[in-house]
Chemist: 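Encoded as structure tokens, here's the structure I'll be asking about.
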Amino acid sequence: MYEPKKSDHFTFGLWTVGNIGRDPFGDPVRSPFSPEHIVENLSRLGAYGVNLHDNDLVPFDASLAQQDRIVKSFKSALEDHDMKVPMATTNLFTHPVFKEGAFTSNDPDVREFALKKTLRAIDLGAELGAGIYVFWGGREGAEVDASKQLPDGYKYFRDALNFLCSYVNDQGYDMKFALEAKPNEPRGHLFLPTTGAMLGFIATLDQPDMVGVNPEVAHETMAGLNFPHAVAQAIDAQKLFHVDLNDQEMNRFDQDFRFGSVQLKSNFFLVKLLEDIEYDGMRHFDAHAYRTEQEMGVWEFARGCMRTYLILREKVDKFNDDTEIQGMLSELQTESVNWDRIAAGYSSDKATELKAKNFDIDAMAERDFMYEKLDQLTVEIILGIR
Ligand code: DIG
Ligand code: MN
Ligand code: MN
């Protein structure tokens with residue numbers, strides 16, 4: 001029971017189980033794992049694949065010859081352990097050169113260098129078979145709003161993405177982009193802080209069809225938002241190209257906790273969203289083990305992420321099969337011929353009709369929706385007594 005299968009599409013970034021436990025107030029607590037060691041162990045646990053930033057695999061200052069050797073060894077580990085690389089991304093946040101931003105830096109040389117680094121990282125991602133390329137703008141933000149004409153931050157980011165979309169098409173790569181929002185950290189304020197902001201920004205791009213979102217549980221939660229609602233808007237916009245699963249306490253720094261370790265009810269509705277639409281993308285755990293752990297604890301962390309997802313998926317099946325709950329929902333979510341007519345398109349006759357329509361406002365206002373019972377039944381599903 002609850003053993004992950006390749007078809008579950010569970011993935012982990014090399015940087016997740018490879019996190020060595022450094023934090024702003026403490027040194028590393030774990031020794032680094034090689035990418036090959038990570039691939040072998042995640043495959044053993046049932047994961048489908050690994051994701052990577054360019055520098056998770058190839059050091060920032062590696063020569064092309066070193067890069068070739070590293071990639072060759074990584075590819076054979078992927079082959080040996082039947083692991084894929086569904087997503088790749090660029091590290092545009094660690095090196096000091098990006099301290100004032102990457103694509104949105106005031107320094108055009110930095111913007112150009114960030115673009116060059118991303119072009120090469122996209123090539124690496126394509127070589128490894130990545131179909132999704134994530135952009136998380138960890139340094140795209142500000143502490144001092146006097147530092148730039150604020151709209152320029154969005155213009156520069158758009159310039160870069162427009163160029164990169166054209167590059168992917170020019171190279172003939174089968175690749176789409178997924179933009180990942182975060183409200184703050186490591187910058188005081190990050191541009192495009194939420195998934196909703198990203199969806200609005202995508203509409204301003206030259207080739208919006210190539211670009212979707214990669215919502216992360218911890219990031220929307222940091223902003224005090226309801227994560228399933230953010231994912232629902234992405235699904236509605238047909239822009240859920242990827243998702244970063246983890247967990248997070250509200251109003252805290254980015255904790256990237258094991259999936260399901262904090263917000264069980266919210267994660268139940270997240271899993272319900274993904275399973276109800278038969279989401280066929282990657283279920284990526286962008287999370288890491290507590291700083292208290294050593295290697296054994298790291299693999300327990302990875303196992304727990306996948307196991308909790310599968311347990312919640314079983315709870316979703318119970319919810320969807322629960323006759324009492326489904327009976328309540330069929331009462332609540334009634335079809336409306338009138339509304340379908342309105343939604344089918346405007347006409348002045350329909351407006352005239354609606355303006356003349358009478359409603360029994362008092363009866364409507366007195367309706368008892370019985371949500372206390374519905375939510376109690378849901379809680380009992382999650383608690384495992386239904
Ligand atoms: C942090 O949540 C970011 C980086 O780890 C990476 O760029 C992206 C990919 O999941 N998430
Ligand atoms: Mn995070
Ligand atoms: Mn993430």
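For ligands, and for the atoms within them, numbers begin at 1 and follow the listed sequence.
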Chemist: Have a look at Asp254 and say which of its N, O or S atoms is nearest the Mn ion (ligand 2).
Modeler: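 Going by distance to the Mn ion (ligand 2), the closest N, O or S atom in Asp254 is OD2.
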Chemist: Would you say Gln255's side chain and Gln248's backbone share a donor-acceptor pair under 3.5 angstrom?
Modeler: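 Flag not set: sc Gln255 to bb Gln248 has no pair under 3.5 Å.
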Chemist: Does NZ or CZ of Lys315 fall inside the cone over Phe268's six-membered ring, less than 6.0 Å from its centre and within 45° of the axis?
Modeler: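 The answer is no; the distance or angle limit is not met.
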Chemist: Using a strict threshold of under 4.0 Å (side-chain N to carboxylate O), is an ion pair present between Arg187 and Glu143?
Modeler: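 A salt bridge is present here (some side-chain N lies under 4.0 Å from a carboxylate O).
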Chemist: Identify all side-chain donor-acceptor contacts of residues 10-32 below 3.5 Å with residues at least two apart in sequence or on another chain.
Modeler:
residue	atom	partner	partner atom	Å
Thr11	OG1	Asn51	ND2	3.3
Trp15	NE1	Asp286	OD1	2.8
Thr16	OG1	Gly13	O	2.6
Asn19	OD1	Gly21	N	2.6
Asn19	OD1	Arg30	NH2	3.2
Asp23	OD1	Phe25	N	2.7
Asp23	OD1	Gly26	N	2.6
Arg30	NE	Asn19	O	3.0
Arg30	NH1	Tyr290	O	2.9
Arg30	NH1	Glu293	O	3.0
Arg30	NH2	Asn19	O	3.0

Chemist: Under the side-chain contact (heavy atoms from CB on, under 4.5 Å) criterion, do Thr94 and Asn55 qualify, and how do the steps go?
Modeler: CA-CA 9 Å; Thr94 299; Asn55 299 141; over 6 Å; no
Chemist: Please step through side-chain contact (heavy atoms from CB on, under 4.5 Å) for the pair Phe201 and Leu161, ending with a clear verdict.
Modeler: CA-CA 11 Å; Phe201 177 70; Leu161 285 176; 3.7 Å; yes
Chemist: Does this structure show an ion pair linking Lys155 with Asp159, if we count only N-O contacts that are shorter than 4.0 Å?
Modeler: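 Here Lys155 pairs with Asp159 in a salt bridge, since their nearest N and O are under 4.0 Å apart.
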Chemist: For ligand 1, what are the residues with a heavy-atom contact below 4.0 Å?
Modeler: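 Shell around ligand 1 (4.0 Å, heavy atoms): Trp15, His53, Met87, Thr89, Val134, Trp136, Glu180, Asn214, Glu216, His219, Asp244, His284, Asp286.
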Chemist: Quick check: does any side chain N or O of Arg111 sit under 3.5 Å from a backbone N or O of Ser105, one acting as donor and the other as acceptor?
Modeler: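 Flag set: sc Arg111 to bb Ser105 pair under 3.5 Å.
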Chemist: Which pairs pass side chain to side chain donor-acceptor pair (under 3.5 Å) with one or both residues in residues 346-369, sequence neighbours excluded?
Modeler: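 Qualifying pairs: Arg341-Glu353.
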Chemist: Between Phe113 and Asp107, does the side-chain contact (heavy atoms from CB on, under 4.5 Å) criterion hold? Intermediate values first, please.
Modeler: CA-CA 10 Å; Phe113 173 67; Asp107 183 341; over 6 Å; no
Chemist: Which N, O or S atoms belonging to the protein are less than 2.8 Å from the Mn ion (ligand 3)?
Modeler: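 Hits for the Mn ion (ligand 3) below 2.8 Å: Glu180 OE2, Glu216 OE1, Asp244 OD2, Asp286 OD2.
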